*Asks:* 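Let me begin by handing over the structure; questions about it come next.
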Amino acid sequence: MTEQSQFRSIPSVDAVVREMETMDAAIPKKLAVTSSQAEISMLRQMVAEGGQAKSARRVAEAGLRRARKILEMSPRQVVNATGVILHTNLGRAPLSEEAVRAVAYASSGYSDLEYDLSKGARGSRFADIDAVVQAVVGTEAALVVNNNAAAVFLALDAHARGQEVLVARGESVEIGGGFRIPEILEASGARLRDVGTANKTRVEDYSSAITERTAAILRVHQSNFTQIGFTGAPSRQELAELAHQHELLFIDDLGSGSLIDSSIYGLAREPLVTEAVAAGADVVTFSGDKLLGGPQSGLLVGSADAIKLIAKRPFARALRPDKMTITALHATLLAYLRGDAPATIPVWQMISAEESTLKDRAMRVSAGVDDVRIVPSISTVGGGALPGEMMPSVSVQLGESYGSVEEVSRRLRCASRPIITRVRDESVCLDMRTVLPQDEQLITEVLCGL
Ligand SMILES: *Cc1c(COP(=O)(O)O)cnc(C)c1O
């Protein structure tokens, strides 16, 4: 057949849609149309490159696969067997049961989100959440925004637009996902003034860089790397004192920050939000979905004056959180207020899980499964918290009889709830620290069916 006749035998959208509808009567018409259009346009491209035309039925099959993928829930639930607790690609912190209930409760009907029930008039969406943040952290004021990147941006926008901000060279970092300190500064209209050297910064480096154009000192947590050897930076207190002597603002971007001392669990110490506040920072920013274990959000805490100015900026309105975020964060913070966060917030349940618990889980998961071994492994916190910190963990390792590592990983990703694994020593491993209790049975079933 000539190329022209190949083109002529490309089926029409109508024909493909009809085929799709006979194969699956439940497929929404709109979706059948757009899916068949997409498949036909791909087919045209293939024919233009010398390929063969396909029948309406073949195109409809591909269209149906495309349509069904669109009809799936998104994002889909997956099993995190990577051992990385705050896996940014896997949605960071899973919410506590209480936070999940709170989201369903607040979003399934109307709510008093911006309504003051005692006055019968307009209220603030932040009134309750601010009070809880203040109670947990002990600051005068708080503000919740879309994420920590927004929090840092807003602090700079409100306090340093058109002025200079001092940042240590070793803290002018990239966090990943497009968050680079110099770029955030530029976007906020502030000018970056680098101080010190890549590995060492002294108080004098900051003080000698202060001019009448300086508005603030910004300290940034080195979230995803560690420096060893000849290093050093001034303490938070020293920077706060210096800033205040010169009537500058001291902004402390903690990244993850923590409300629980991670050293209790044998880890290094992630800076505590309360410590950063006590050291004298005017504004402390941190994420809601890192070690806090809540929804994606950014928290700003600090002095009433500094926070109020930020809250009044137009960008604060543009970056405000929705009711589902506010209620999930509220429920998460209540756990800290009551003191039961380690027992009820998944991130802390995983951090605090004992090796014996993980071993029990590995035994349950692998019961009746052929060719698996229970092996020691290492899990990490991830998500820009506690870089380089390793937690001894327990993994289920699949033997060679399962086939190549790529093929086994792919088949596990195709499970009804996809299982995301890690490859160690050239074999597929399922780290039990990040596996949730409700995942256990599914894993066993999938492994038995491999
Ligand atoms: C993670 C991180 C951010 C960005 O926080 P998001 O909540 O992801 O926007 C900013 N600064 C530091 C130091 C971080 O670790």
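Numbering of ligands and ligand atoms starts at 1, following listing order. Just so we're clear, the structure is a prediction, and the values are computed from it rather than from any experiment.
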*Asks:* Only pairs at least two apart or in different chains count here, so list each ring-ring contact (aromatic ring centres under 6.0 Å, His included) that has a residue in residues 304-342.
*Replies:*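 Those involving residues 304-342 are F153-F315.
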
*Asks:* Check whether any side-chain heavy atom of L239 sits under 4.5 Å from a side-chain heavy atom of R219, and report yes or no.
*Replies:*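 Result yes, sub-4.5 Å side-chain heavy-atom pair found.
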
*Asks:* For the pair H87 (side chain) and G382 (backbone), establish whether a donor and an acceptor sit closer than 3.5 Å, ignoring hydrogens and angles.
*Replies:*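 No, the answer is negative, given that no donor and acceptor are paired below the 3.5 Å cut-off.
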
*Asks:* Under a 4.0 Å heavy-atom cut-off, which residues neighbour ligand 1?
*Replies:*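 Contacting ligand 1 under 4.0 Å are R92, N147, N148, A149, I175, F179, V220, H221, S223, D253, G255, S287, K290.
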
*Asks:* Looking at E72 and R76, is there a salt bridge between them, counting it only when a charged N and a carboxylate O are closer than 4.0 Å?
*Replies:*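 Here R76 pairs with E72 in a salt bridge, since their nearest N and O are under 4.0 Å apart.
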
*Asks:* Could you pull out all residues at least two apart from T325 that satisfy side chain to side chain donor-acceptor pair (under 3.5 Å)?
*Replies:*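 For T325 the side chain to side chain donor-acceptor pair (under 3.5 Å) partners, ignoring immediate neighbours, are D322.
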
*Asks:* For residues 274-285, which side-chain donor-acceptor pairs fall under 3.5 Å, sequence neighbours excluded?
*Replies:*
unit_1, atom_1, unit_2, atom_2, d
E275, OE1, L272, N, 3.4
E275, OE2, R269, NH1, 2.7
E275, OE2, R269, NH2, 2.8
D282, OD1, H244, NE2, 3.1
D282, OD2, H244, NE2, 2.8
D282, OD2, F250, N, 2.7
T285, OG1, N148, OD1, 3.0
T285, OG1, D253, OD1, 3.1

